[in-house]
Amino acid sequence: MKAAGRSVRTRLRDRLAASDPGLLRLTAGLRTVGAIALTLAVLASAGSDVTHLVAGAMAAMVATFAIREKRRGAQAVTLAVGLPVALVSVSLGAVLSERVVVGDAFFVVLIFAAVYGRRFGDRGTALGLICFQVYFVSLFVGASASQLPGLWAALAVAFACSALVRFAVVPVTPAGLLLRLRQAFRARLGRLVSAQLALLDAGPNEVDKALEDMREGTARLHDTALMIQSRLEEGTPDESTARLVQRRIADAEIAAERLGLLLLSARSTERADTLTLHLPGAPAPEVGRLPGPDEATAVLRRDLLALRVLVVRTGAGGTGVAQLRNRLLGYRDEENLPAATPAVRDVFRAVGETARAVMGLRIALEGPQDESDDSPATARSREELDAEDAAIDAGEETERAEPPKGLRRPTTRAAVQVSVGSTLAIAGGELLSTHRWYWAVLTCWIVFINTASTGEILVKGYRRLLGTVFGVVAGILLAALVGRHTWTAFALVLVLIFAMFYTAPLSYTLMSFFVTAMLGLLYTLLHTYSWEVLVLRVEETALGAACGVVAAALVLPVHTDRRTNELLVTVLERLAEVTEAAVGQLSGGPAGDLLDKARELDQALGDLRSATQPLTHPVTPLRARRTNARYVVALLETCAYHARSLAATAELLPAHPSIAADPRLRGAAGRTVRNIVTIADRVADEDVTAPVETGPSIASLLGGDGTARYGRITDRVLRHLERLDEAVVGLARPLAVPVKTPER
């Protein structure tokens, strides 16, 4: 019974880790709710009235979510500085509330300063948020100068409670967060193997669903890998350990993605395109039963189940797990592959390579393992991993481009835009309501947060308005149920706040829904609730979103096309850098910092993916443009996968006995790098007319026919170079770059 209970707990923990990597959303929700609950308890015990309870609760929420630094010391400093900033802000809000013109003018100046402060990093962003939100709190509760002593006390209690919950009740250390992210990576890797197993067994009518699950699992695994990479510096004791973990995470991700692609190719009637794994909604290729004898299919199913056990099992695992590991690692030797077609044998090789990556990940994360049950294949894999670990050293720092200055600086431009939009929102909001005009300003402010183009602001405004409309309905129902029961209302407010923070990274619409429903309860507590108030909330939200879009479109505009083109050029430049550096190292050139270059490529691609959301949004009327944008991003993800794989293979050169440099690679891959640069130049300048070149295969350029195995390089390198070359040429058509085919 105890074992069964532990098994259930383990499955629930893995499921939670997979759905919420690092438990970041859960932690954010618990911290915020804990800070608010503690603030309410302290203020209630001191006999504070409802106005001060609401002000304290909102201040505790702001003090908790505004802090974004990763190190605890920096968080403490920001909280300490944030309290006097909050006290000044609430005081000015109360004093200026009766001076309409002066108060409105100051509010615009404050908004400009708060947004401009983002240029000073996480602390500047946090202090700007605190300053704006606390000023908003003073307007929301109708603060006056006579109430200031009580409000100061409420804010001091709120900040103290936020600090107590952050550092004592729900503490998060960089090392602990990295540990949970690693658990999430393991859980998501196990889910991806489960999706691959489902693809193996899927019938003709189930293949599309199985492929979509595998596509989603691959994308989520990559997202978790990026989250881990962003936390390595703070969560590991030294740079060498950080690079080791980064390398093993990258190995496991690449090996798992390759396994899925080879499995899909083995089931397809023709070679599956790598793009199929990266293009959402792409139909599955025509598939049949796995070729070869049924025994091979049964063995492959058994081995995928064994691989999943290796992934999700923590600790030593015992003799049974060691036997599974030994069997899977044996597939790295040709003589251990079962009798099957070449495509199916490739899948078994991929199973062996994935098992090796999982073992390397386990060693990097958990330390040395028991070697008493090792087979010769396992011992050889350990020796390879040890040699690779010894070869990892700190890379050179990457030169950073100088940021733009003046009005070209994003923070300056955003500050000017949001100030103009807020001025319009104040003017329009005053016409709708002289008491609650600030809702329009709040919406205008929010739609500019974490957005960089007019299209992004439009989509965010639409989502906020949609969530607000449904939230008004929920607020009406909840207010009717709660009535005048103060503590019942506060309890529901806590539930809604937790839901708001837990769903914020998943859906901005859902977050807006919970915010608006919560506000309905707060209005009830302040005895200002009415149907008219909530309808006014919708009107002010629509007005604020419209003012934000107008300001973004007319004042120093950054059009979506311009923004995406700039990011596209950055992605292509990073892709060329990674490819050229990896091929150079594979050709015998000096070792470089390939892992960091690959990480920069992934970050640039993530920025591009976010910027294209206005183009790929379901409600966009430009269907052809949406299809084109999705296709380009999917092709770039395919290119990034092959570039990451080349970089990972190149880093094996100093330690791997079966990989040696081949000087011919530099010349053979030169065409691919030139094509990437040509496409980047074309995107940056439409007057560029240089074409993309096509020609013989990479294998033929190396002097072979593409079928024989090469002695000094692996087939894997050739395959990745071939697929990368094809994907780069494929980018030419949707980006309107001419293609030159050589004359025969």
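The chain is numbered in sequence order, starting from 1.
- In this structure, F140 has its ring center under 6.0 Å from that of W439.
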Where do T509 and R464 land on the side-chain contact (heavy atoms from CB on, under 4.5 Å) test, with the steps shown first?
CA-CA 6 Å; T509 302; R464 183 168 183 83; over 6 Å; no
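- One N or O on the side chain of R188 and one on the backbone of R220 form a donor-acceptor pair closer than 3.5 Å.
- The shortest distance between side-chain heavy atoms of F185 and M227 does not fall below 4.5 Å.
- Within the 6.0 Å centre-distance limit, the rings of F107 and F132 are counted as a close aromatic pair.
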Walk me through it: do T78 and E69 pass the test side chain to side chain donor-acceptor pair (under 3.5 Å)?
CA-CA 9 Å; T78 303; E69 284 102 339; 2.6 Å; yes
Take V42 and C161 through the side-chain contact (heavy atoms from CB on, under 4.5 Å) test and state the conclusion after the steps.
CA-CA 9 Å; V42 173; C161 291; 4.2 Å; yes
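- The existence of a salt bridge linking R562 and E566 is confirmed by a sub-4.0 Å separation between a basic side-chain nitrogen and an acidic carboxylate oxygen.
- Contact check for W445 versus Q133: side-chain heavy atoms found under the 4.5 Å cut-off.
- For the pair L556/V416, a side-chain contact is recorded, criterion being any heavy-atom separation below 4.5 Å from C-beta on.
- Contact of the V90 side chain with the Y135 side chain is not registered, since no non-hydrogen atoms from C-beta on lie closer than 4.5 Å.
- If you take OG1 on T612 and CZ on R563, they are separated by 11.0 Å, rounding to the nearest 0.5 Å.
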Yes or no on side-chain contact (heavy atoms from CB on, under 4.5 Å) for L178 and T173, after CA distance, side-chain angles and deciding distance?
CA-CA 9 Å; L178 183 59; T173 62; over 6 Å; no
Just do the side chain to side chain donor-acceptor pair (under 3.5 Å) check on T32 and T64 with the steps written out, would you?
CA-CA 6 Å; T32 308; T64 304; 5.1 Å; no
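- The side-chain hydrogen bond (donor to acceptor under 3.5 Å, both in side chains) search around T516 returns R537, not counting sequence neighbours.
- H222 contributes no side-chain N or O that, together with a main-chain N or O of A219, makes up a donor-acceptor pair within less than 3.5 Å.
- Pairing each heavy atom of L536 with each of S433, the nearest pair is CD2-CB, 3.4 Å.
- For the atom pair L53 CG and T39 OG1, the distance stands at 10.0 Å (nearest 0.5 Å).
- Partner Y508 forms a side-chain contact (heavy atoms from CB on, under 4.5 Å) with one of L466, T503, I446 and no other, that one being I446.
- Closest heavy-atom contact between P21 and T224: CG-OG1, 4.0 Å.
- Below 30°, between 30° and 60°, or above 60°: for F112 and Y116 the angle between ring planes is below 30°, a parallel geometry.
- Panel note: side chain D49, backbone H52; a donor-acceptor pair is recorded below 3.5 Å.
- Considering only heavy atoms from C-beta on, V100 comes within 4.5 Å of E430 through its side chain.
- Using a 4.5 Å heavy-atom cutoff, the side chains of I457 and F448 are in contact.
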Show, in sequence, the C-alpha distance, side-chain angles and deciding distance for V62 and L129, and conclude whether the side-chain contact (heavy atoms from CB on, under 4.5 Å) test is met.
CA-CA 8 Å; V62 173; L129 276 171; 5.6 Å; no
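- A donor-acceptor contact shorter than 3.5 Å links the side chain of S610 to the backbone of G606.
- Listed here is the closest heavy atom pair of G421 and C444: C-SG, 3.4 Å.
- No donor-acceptor pair closer than 3.5 Å links the side chain of R118 to the backbone N or O of A114.
- For R31 against P171, the heavy-atom pair with the smallest separation is NH2-C, 4.2 Å.
- Applying the 6.0 Å contact sphere to CZ of F106 captures more than 12 heavy atoms from other residues, nucleotides or ligands.
- Counting heavy atoms from C-beta on, the side chains of L139 and W437 come closer than 4.5 Å.
- Of all heavy-atom pairs between T468 and S512, the closest is N-CB, 4.3 Å.
- Looking only at distances, no side-chain donor or acceptor of D104 sits under 3.5 Å from a matching main-chain atom of I426.
- Stacking of R25 on the aromatic ring of Y502 is recorded, both the 6.0 Å distance cut-off and the 45° axial limit being met.
- Taken to the nearest 0.5 Å, the CZ atom of F490 stands 9.5 Å off from the CD1 atom of I497.
- In this structure a side-chain-to-backbone donor-acceptor pair under 3.5 Å is missing from T443 to G544.
- Side-chain contact between L519 and F514 is absent, with no heavy atoms from C-beta onward closer than 4.5 Å.
- To the nearest 0.5 Å, atom CZ of residue R166 and atom CZ of residue R72 are 9.5 Å apart.
- When all heavy atoms of E637 and H278 are compared, the pair lying nearest together is OE1-O, 3.3 Å.
- Pairs engaging residues 86-105 under the ring-ring contact (aromatic ring centres under 6.0 Å, His included) rule: none recorded [sequence neighbours left out].
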